[in-house]
> 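Mind looking over this structure? Questions follow.
All values below were derived from every heavy atom in this structure, side-chain atoms included, with hydrogens, water molecules and symmetry-related copies excluded. In the text below, chain A, chain B and the rest are named by the order of the sequence lines, each starting its count at 1. As the structure is a computational prediction, the values presented were derived from the model and not from experiment.
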Number of protein chains: 2
Amino acid sequence: MTGLRERKKVRTRRALIEAALRLFTEKGYEETTLAEIAAAADVSTRTFFSYFGSKEDVIFHDGGIRLEAILGMVGRRRPGESIGDLLLRVSEASLNWTTEEDLALDLSLERVDLIMSVPALQAKALHLLFDSQLRLAKALHEAYQDEIDLLEAATIVGSLVGAAKLTVMAAMDRGDSLEEVWKAARTAATSTISRLT
Amino acid sequence: MTGLRERKKVRTRRALIEAALRLFTEKGYEETTLAEIAAAADVSTRTFFSYFGSKEDVIFHDGGIRLEAILGMVGRRRPGESIGDLLLRVSEASLNWTTEEDLALDLSLERVDLIMSVPALQAKALHLLFDSQLRLAKALHEAYQDEIDLLEAATIVGSLVGAAKLTVMAAMDRGDSLEEVWKAARTAATSTISRLT
DNA sequence: TTATGATTTGCATCCGTTGCAAAATTGCAT
DNA sequence: ATGCAATTTTGCAACGGATGCAAATCATAA
């Protein structure tokens, strides 16, 4: 099951993530070169690209997993549960999310800071989030086929995610602490959901 | 006032925009090289960068103007006008927007298609829109200082813009015609606003 | 140990982007 | 018109991210 090959791959992957994050926070994102990251992880520059598709991707290595989990929650909604309640549960889960890998590497904080402060990463994050929303809207529509059409689902999801996202950004922009930021996000999500139902 | 220098600049700028858009639609965005655009506009590659900051920017040449106009509407809100009414007016204006330059060059349709279909442009658009939202939230907060705080303003703006944006995207994704798309956006905006107030 | 398949590596290359200094162009005063 | 100053354009070199490809290396199972 877990041969040398696979263990090595996991190790290299982690080494790349750690090296990248360390270098990014130490000397800045733009200032860090892929060659440096690869060197720090002890692989060739070329090899970086067989682990990640781009320089940004090394920061968003877990995006897919989170989305799948959320879509799963929607797909397996509790029978009889209202849209609002489901969205509440989904919001809560999303806001609490931290990856295993993150915990193991203790990286979540630096990641948030980085993403917020580096334009290229911000852009990537927004784009990923956007794609996720579209899929979430579709999932919501399918889960409540008889209650809302696709466009209504899109309006709801867009409204909810948009509210949370911009509230987070405004709070960070204002210099709030991370706890305050998450609290604001929660408030925004719950108040938006209550208005949507 | 309008010397040769300035007229030439305007002409070059237009030539670049037109050339870029034509080439992008003809042979695709990634497949079109900056050198080709510059050649088609009869300037050197280097000169492209004294008109636009990046390859994407040539598509978003008018972003700033639109935002300023909207912020102006908010700043000069009609005395006594409710937040909802103001937002309604702003939404209407935003959805109807077409630039002079666009009309002159007849480009608005191709631009929408391009932006929707090219990932890099999508990402840029989202990022621009995001920045705009933050500024709009601040403007809204300032215009209604005694009624809503910054975070509430952010929640409202995020919710409204998010709803409109995702609804547009879902409609396009579904293959709706452009008229249907705008109609869906209008519906999403009005229904979201009515729930927010 | 060797055959096999997967992974890594080192090129070579393309493209977007930037800095810089030389050259060309425009505006202006005389 | 002529010469000077300011502005723009241009060519050139360089950097970094990204990709294709073939050679080299490595893990695994027989």
> Can you list every salt bridge (Lys or Arg N to Asp or Glu O under 4.0 Å) pair that touches residues 29-41 of chain B, not counting sequence neighbours?
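Counting only pairs at least two positions apart or across chains, the salt bridge (Lys or Arg N to Asp or Glu O under 4.0 Å) contacts touching residues 29-41 of chain B are B/K27-B/E36.
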
> Could you work out, with side chain to side chain contact (heavy atoms under 4.5 Å, CB included) as the rule, every residue matching A/A120, not counting sequence neighbours?
A/Y29, A/V118

> So which protein N/O to nucleotides 5-7 of chain C N/O distances come out below 3.5 Å?
unit_1: C/dG5; atom_1: N2; unit_2: A/R5; atom_2: NH2; d: 2.4
unit_1: C/dT7; atom_1: OP1; unit_2: A/K9; atom_2: NZ; d: 2.9

> Using the salt bridge (Lys or Arg N to Asp or Glu O under 4.0 Å) rule, collect all pairs that involve residues 79-95 of chain B, keeping only residues at least two apart or in two chains.
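Non-adjacent pairs meeting salt bridge (Lys or Arg N to Asp or Glu O under 4.0 Å): B/E81-B/R89, B/E92-B/R186.
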
> Residues in side chain to side chain donor-acceptor pair (under 3.5 Å) with A/D57, at least two apart?
A/S54, A/K124

> Mind jotting down which residue pairs meet the salt bridge (Lys or Arg N to Asp or Glu O under 4.0 Å) criterion with at least one end in residues 125-146 of chain B? Sequence neighbours excluded, please.
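Found A/D173-B/K138, B/E68-B/R135.
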
> Among the candidates C/dT25, D/dG11, D/dT19, find the nucleotide nearest to the side-chain atoms of B/K8.
C/dT25

> With salt bridge (Lys or Arg N to Asp or Glu O under 4.0 Å) as the rule and sequence neighbours excluded, what pairs involving residues 151-167 of chain A come up?
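Not a single pair qualifies under salt bridge (Lys or Arg N to Asp or Glu O under 4.0 Å).
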
> Five pairs at each end of the helix from C/dT1-D/dA30 to C/dT30-D/dA1: take the axis at both ends and give me the angle between them to 10°.
0°

> For A/S44, give me all partners under side chain to side chain contact (heavy atoms under 4.5 Å, CB included), at least two apart in sequence or on another chain.
A/R46, A/T47

> Which residues in residues 22-38 of chain B have a heavy atom closer than 4.0 Å to any atom of DNA chain C?
B/T32, B/T33, B/L34

> A/Q122: which residues meet the side chain to side chain donor-acceptor pair (under 3.5 Å) condition with it, sequence neighbours left out?
B/H127

> Within the 4.0 Å heavy-atom criterion, would you say B/S54 contacts the bases, only the backbone, or no part of the nucleic acid?
sugar-phosphate

> For B/F48 and D/dT10, what is the distance between atoms CZ and P respectively, to the nearest whole Å?
14 Å

> Which atom pairs, one a donor and one an acceptor, fall under 3.5 Å between side chains of residues 175-182 of chain B and the rest of the protein, sequence neighbours left out?
unit_1: B/D176; atom_1: OD1; unit_2: B/R174; atom_2: NE; d: 3.3
unit_1: B/D176; atom_1: OD2; unit_2: B/R174; atom_2: NH2; d: 3.1
unit_1: B/S177; atom_1: OG; unit_2: B/E180; atom_2: N; d: 3.4
unit_1: B/S177; atom_1: OG; unit_2: B/E180; atom_2: OE1; d: 3.2
unit_1: B/E180; atom_1: OE1; unit_2: B/S177; atom_2: N; d: 2.8

